[in-house]
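One structure below.
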Amino acid sequence: MLDKKRQTESDARLRHINPAIFNAGWQVEQIFTEYYFIDGEVMVRGNTTKRKDRKFCDYLLTTTNLETPLAIVEAKAGYISVGDGMQQAIEYATILDVPFAYSTNGKGFLEHDMLTGSERELKMSEFPTHDALFERYSAVKDLNVTQQEVIRQPYYFDSFKRMKPRYYQRIAIDRTLEAVTGGQNRILLVMATGTGKTYTAFQIIWRLKQLGLKKKVLYLADRNILIDQTIQNDFKPFEKVITKVQGRELDSAYEIYMSLYQQMAGEAEEEPFRQFKPDFFDLIVVDECHRGSAREESLWRRVLDYFSSATQIGLTATPKESKEVSNIHYFGKPVYTYSLKQGIQDGFLAPFKVIRVHLDKDDKGWRPEKGKKDIEDNAVEDREYNLKDYDRKLIIDERTQTVAKRITEWLKSNDRFAKTIVFCVDIDHAERMRQALVNENTDMVRDNPKYVMRITGDNPVGKKQLDNFIDVKETYPTIVTTSKLMTTGVDCKTCKLIVLDSNIGSMTEFKQIIGRGTRLKEDAGKLYFTIMDFRGVTKLFADKDFDGAPVQIMEVPAGGDIDDAEEVSEDTKDDQDDWENGEETTPTGDSTASGGKPFVPPTGGGERVKKIRVNGVDVSIASEHVKFYDENGKLVTESLIDYSKKNILSEYATLDNFLSAWKSADKKQAIIDQLAEHGVLLEVLQEVAGNKDLDPFDLILHIAYDKPPLTRAERVKKVKKRGYLYQYDDTCQQVLNALLHKYMDDGVLSLQDTTLLSIDPFKQIDSPKNIAKLFGGKQAYLDAVRALQEEIYALEAA
């Protein structure tokens with residue numbers, strides 16, 4: 001009979017916890033054990049990456065749709081108190097949005113009701129049934145019958161792709177459905193780029209249509225590529241009932257309509273959307289709603305206002321909030337927000353390094369020498385030019401060449417085929433940058449002229465290559481130069497380098513640009529990306545609004561009407577600047593609107609600014625700073641040595657603390673793993689130290705406590721010099737000598753592996769069983785190995 005006081009967690013689960021859950025009527029398919037819900041953050045140090053541990057709960061119990069969680073159960077061994085796992089259960093329940101959390105040791109349950117905050121102890125026979133928990137959940141949430149039906153409605157599951165919603169997508173879907181069925185008609189979802197907004201939207205629409213709650217759906221986006229990607233990928237299960245709106249005639253025979261904003265809106269005198277009655281659509285999904293739909297004066301908003309009776313859901317990674325424009329004013333506060341920081345910490349999004357490149361003429365400015373002329377032989381105005389002028393008013397050819405050369409150096413050092421986007425000031429700048437990159441990469445361009453291409457709104461040849469650029473199977477184009485066209489909606493999973501050579505003042509635009517690199521593609525070697533910044537734009541990472549919760553800024557007077565803004569909105573300013581400098585910003589990126597009519601510049605647009613172009617100017621890199629994303633979601637500029645020292649000392653404040661922990665740890669790997677969780681990657685520090693023969697122990701002593709390091713060979717030499725081995729007989733000395741040589745080759749971690757005795761040179765001495773007998777048995781052998789490890793480090797421990 002197993003002693004309950006000694007039973008392990010596995011014993012408690014098998015003998016007591018599993019039967020208690022089954023006896024409460026839970027079905028096998030409703031019970032998920034060791035349910036993993038995050039992949040583990042990717043840490044980047046140098047060029048080395050390491051994932052943190054995945055997070056999982058012991059049991060996740062779901063509703064009858066097998067997806068919506070009702071309870072989390074954390075199991076502990078029988079000799080641990082019943083509530084020992086409760087804090088962990090509450091942490092996981094908070095992340096997963098689960099209403100009930102339980103801790104158990106196999107002798108009883110402790111229940112924490114996340115809805116009321118109350119706790120109670122239960123006998124093993126009192127674990128609640130599914131119906132009891134669902135009834136309590138529905139009562140506290142005051143769910144109506146329709147809301148309860150929606151919760152029970154299954155998700156669409158593609159057995160081929162094996163795709164199910166991630167935990168945050170499931171929360172976004174559930175909260176949206178709860179809001180819709182609760183009568184809320186304007187809903188905002190904020191989800192970081194790369195976290196699956198369109199897939200989330202598909203599941204929302206799927207469940208609403210399956211229940212017959214929404215029959216006619218309009219999906220609005222701002223670029224053709226977004227519409228096409230959505231139809232071909234996430235919305236493919238709707239292929240029999242879906243249509244893409246094209247031309248000016250609308251067919252009422254479909255159930256789901258995919259349309260560009262401007263395709264549906266047309267122009268003021270046409271307005272194709274009026275072919276449908278105002279109540280034609282039950283549901284409208286507004287993708288990238290931070291763009292035109294955020295402005296009340298926008299033509300695009302006329303579509304939303306006309307179909308005002310429809311439930312409208314806004315999707316964005318970057319809600320627009322300024323004094324003149326507000327997504328929150330229109331859609332309401334977000335029902336759910338999943339941020340870039342959270343996505344990186346969960347391991348679903350790629351972290352990044354930042355290389356801040358300072359050019360001498362950027363830092364100090366440039367003033368033409370007396371008599372300086374431009375390339376057209378005109379005198380250059382004598383004044384000081386700076387970053388705001390470069391490539392918008394003043395072109396310095398050597399500056400463009402220096403940027404192109406630095407980009408190429410990075411590619412040569414890392415990966416010549418790393419997909420790269422270079423964001424430029426305007427179309428003219430993008431074309432000159434393309435030429436400069438071609439000249440720096442003639443060997444690659446000779447093999448394939450599409451190695452470097454310009455993809456901008458005015459260039460149909462380049463735009464046709466956009467699909468190839470984002471295709472993970474296509475090599476070319478590899479490097480693209482652009483201005484505004486690729487700031488949003490371009491799903492390039494293998495983009496490893498983003499170059500900023502444009503003056504970006506808009507936080508929304510900056511976040512959208514960064515989003516081009518945040519998608520992970522582990523099987524293609526994409527675990528992180530690099531941002532190379534030539535304009536100081538990455539200072540925006542330090543802004544409190546970069547990854548903060550969206551807050552309405554626009555002041556709305558009593559009555560809810562918005563006063564006419566005295567200032568031109570940020571979007572309008574961007575559009576005017578782009579038109580003046582050659583970047584046409586129709587949301588499709590086309591040089592004409594969808595109906596074939598010429599694009600009309602925004603109010604205030606005018607002739608393109610005449611630029612001054614000079615050459616013969618010496619431009620060089622003054623300095624560079626490398627920053628990396630730390631475990632707290634901050635960009636730090638400390639050296640790896642300083643950063644690692646700080647984090648080691650946060651765990652082991654003194655040398656004695658560390659030595660004591662190292663000596664008492666049965667397996668040294670546990671300490672190494674613990675430090676890795678805090679961003680200290682010893683293999684990277686070995687590269688920095690330039691000596692791969694240093695033991696992790698010596699690396700830590702050297703970096704954190706300023707002790708001179710010893711190589712493994714030097715440590716072995718000291719052990720032998722002290723005559724430690726002479727206490728054993730000749731054969732045991734032979735075994736221990738072999739272990740020391742193994743330590744010299746592979747480090748102390750290998751000594752703890754008893755399978756060593758089955759390979760050379762140990763198997764030439766004797767069998768593993770007989771070797772153990774030489775020491776007095778297996779435990780005596782393990783004690784001898786442990787004593788040898790202590791002797792290896794004895795000098796410092798003393």
Side-chain angles (χ1 to χ4, degrees), residues 42 44 191-199 221-234 287-288 316-318 340 343-344 348-354 407 410-411 414-424 430 433-434 437 444 448 450-457 459 461-502 504 509-533 587-589:
V42 177
V44 183
M191 297 172 66
T193 300
T195 57
K197 289 190 295 295
T198 54
Y199 174 72
D222 67 340
R223 297 199 175 181
N224 264 314
I225 190 170
L226 291 178
I227 294 290
D228 295 337
Q229 284 178 348
T230 300
I231 293 175
Q232 295 165 13
N233 298 318
D234 292 325
D287 196 9
E288 305 292 358
T316 181
T318 53
L340 172 66
I344 292 175
F348 296 127
L349 294 180
F352 45 86
K353 290 197 305 184
V354 173
I407 295 169
W410 186 93
L411 290 167
N414 292 275
D415 178 5
R416 293 298 293 278
F417 291 104
K419 290 294 180 82
T420 301
I421 307 176
V422 185
F423 287 96
C424 302
M433 186 62 69
R434 183 198 66 81
L437 284 164
M444 307 299 285
N448 192 313
K450 293 179 181 177
Y451 180 74
V452 183
M453 293 199 74
R454 170 169 61 93
I455 300 180
T456 48
N459 189 280
V461 176
K463 284 193 297 179
K464 286 180 181 178
Q465 292 299 317
L466 184 54
D467 284 343
N468 288 330
F469 178 73
I470 65 179
D471 190 335
V472 297
K473 298 177 181 178
E474 292 290 338
T475 303
Y476 305 103
T478 302
I479 308 170
V480 299
T481 63
T482 190
S483 175
K484 297 286 184 184
L485 182 61
M486 298 176 69
T487 58
T488 184
V490 178
D491 183 3
C492 185
K493 293 182 175 66
T494 54
C495 179
K496 292 183 179 180
L497 179 64
I498 290 177
V499 180
L500 304 176
D501 196 26
S502 177
I504 301 166
E509 183 182 0
F510 175 64
K511 291 169 73 172
Q512 286 288 335
I513 287 174
I514 298 308
R516 300 313 102 211
T518 54
R519 289 170 172 83
L520 276 167
K521 188 64 178 172
E522 202 156 352
D523 56 355
K526 163 73 181 298
L527 281 167
Y528 71 98
F529 67 105
T530 300
I531 303 166
M532 188 175 290
D533 178 16
T588 57

What pair of heavy atoms forms the shortest contact from Leu520 to Ala350, and how long is it? CG-N, 3.7 Å

Could you check Arg519 against Thr193 for side chain to side chain contact (heavy atoms under 4.5 Å, CB included), going step by step and ending with a plain yes or no? CA-CA 8 Å; Arg519 289 170 172 83; Thr193 300; 3.4 Å; yes

Using a 4.5 Å cut-off on heavy atoms from C-beta on, say whether the side chain of Thr482 contacts that of Phe423. yes

Can you list the steps and then say if Ile514 with Phe529 is a side chain to side chain contact (heavy atoms under 4.5 Å, CB included)? CA-CA 10 Å; Ile514 298 308; Phe529 67 105; 4.1 Å; yes

Nearest 0.5 angstrom please: Cys492 SG to Ile421 CD1, how far? 5.5 Å

Pick from Asp234, Asp287, Thr230: which one makes a side chain to side chain donor-acceptor pair (under 3.5 Å) with Thr198? Asp234

Where do Thr481 and Cys424 come nearest, in terms of heavy atoms and distance? CB-SG, 4.4 Å

Roughly how far apart are Met433 CE and Ser483 OG, rounded to 0.5 Å? 12.0 Å

Got a donor-acceptor contact below 3.5 angstrom from the Lys526 side chain to the Lys496 backbone? no

What distance do Asn448 atom CG and Thr475 atom OG1 have between them, rounded to the nearest 0.5 Å? 8.5 Å

Shortest non-hydrogen contact from Met453 toward Gln465: SD-CG, 3.4 Å

Any idea which heavy atoms bring Asn468 and Lys419 closest together, and the distance? O-NZ, 3.6 Å

Verify, without hydrogens or angle tests, whether Lys493 (side chain) and Val472 (backbone) share a donor-acceptor contact under 3.5 angstrom. no

Using the six-membered ring wherever Trp is involved, compare the ring planes of Tyr476 and Phe417 and label them parallel, tilted or perpendicular (cut-offs 30° and 60°). perpendicular

State the CG-CD1 distance between Asp533 and Ile498, to the nearest 0.5 angstrom. 11.5 Å

Could you tell me whether a side-chain N or O of Lys511 sits under 3.5 Å from a main-chain N or O of Ala192, the two making a donor and an acceptor? no

Can you find a heavy atom in the side chain of Ile470 that is under 4.5 Å from one in the side chain of Gln229? yes

Taking Asp467's backbone N and O only, do any of them form a donor-acceptor pair with Asp471's side chain (distance below 3.5 Å, no angle check)? no

Check: Ile479 main-chain N/O paired with Thr420 side-chain donor or acceptor under 3.5 Å: no

Should Val480 and Val422 count as side-chain neighbours, where that means a heavy-atom distance under 4.5 Å? no

In terms of heavy-atom contacts, Lys463 and Gly457 come closest through NZ-O, 3.5 Å

Taking every heavy atom of Thr494 against every heavy atom of Ala524, the minimum-distance pair comes out as CG2-CB, 4.1 Å

Find out whether Tyr528 and Ile344 are in side-chain contact, i.e. whether some heavy atom of one side chain is under 4.5 Å from a heavy atom of the other. no

Report the distance from atom CG of Asn233 to atom OH of Tyr199, rounding to the nearest 0.5 Å. 13.0 Å

Full working for side chain to side chain contact (heavy atoms under 4.5 Å, CB included) between Thr478 and Met444: CA-CA 10 Å; Thr478 302; Met444 307 299 285; over 6 Å; no

Taking the side chain as C-beta and beyond, is there a heavy-atom pair between Tyr451 and Arg416 under 4.5 Å? yes

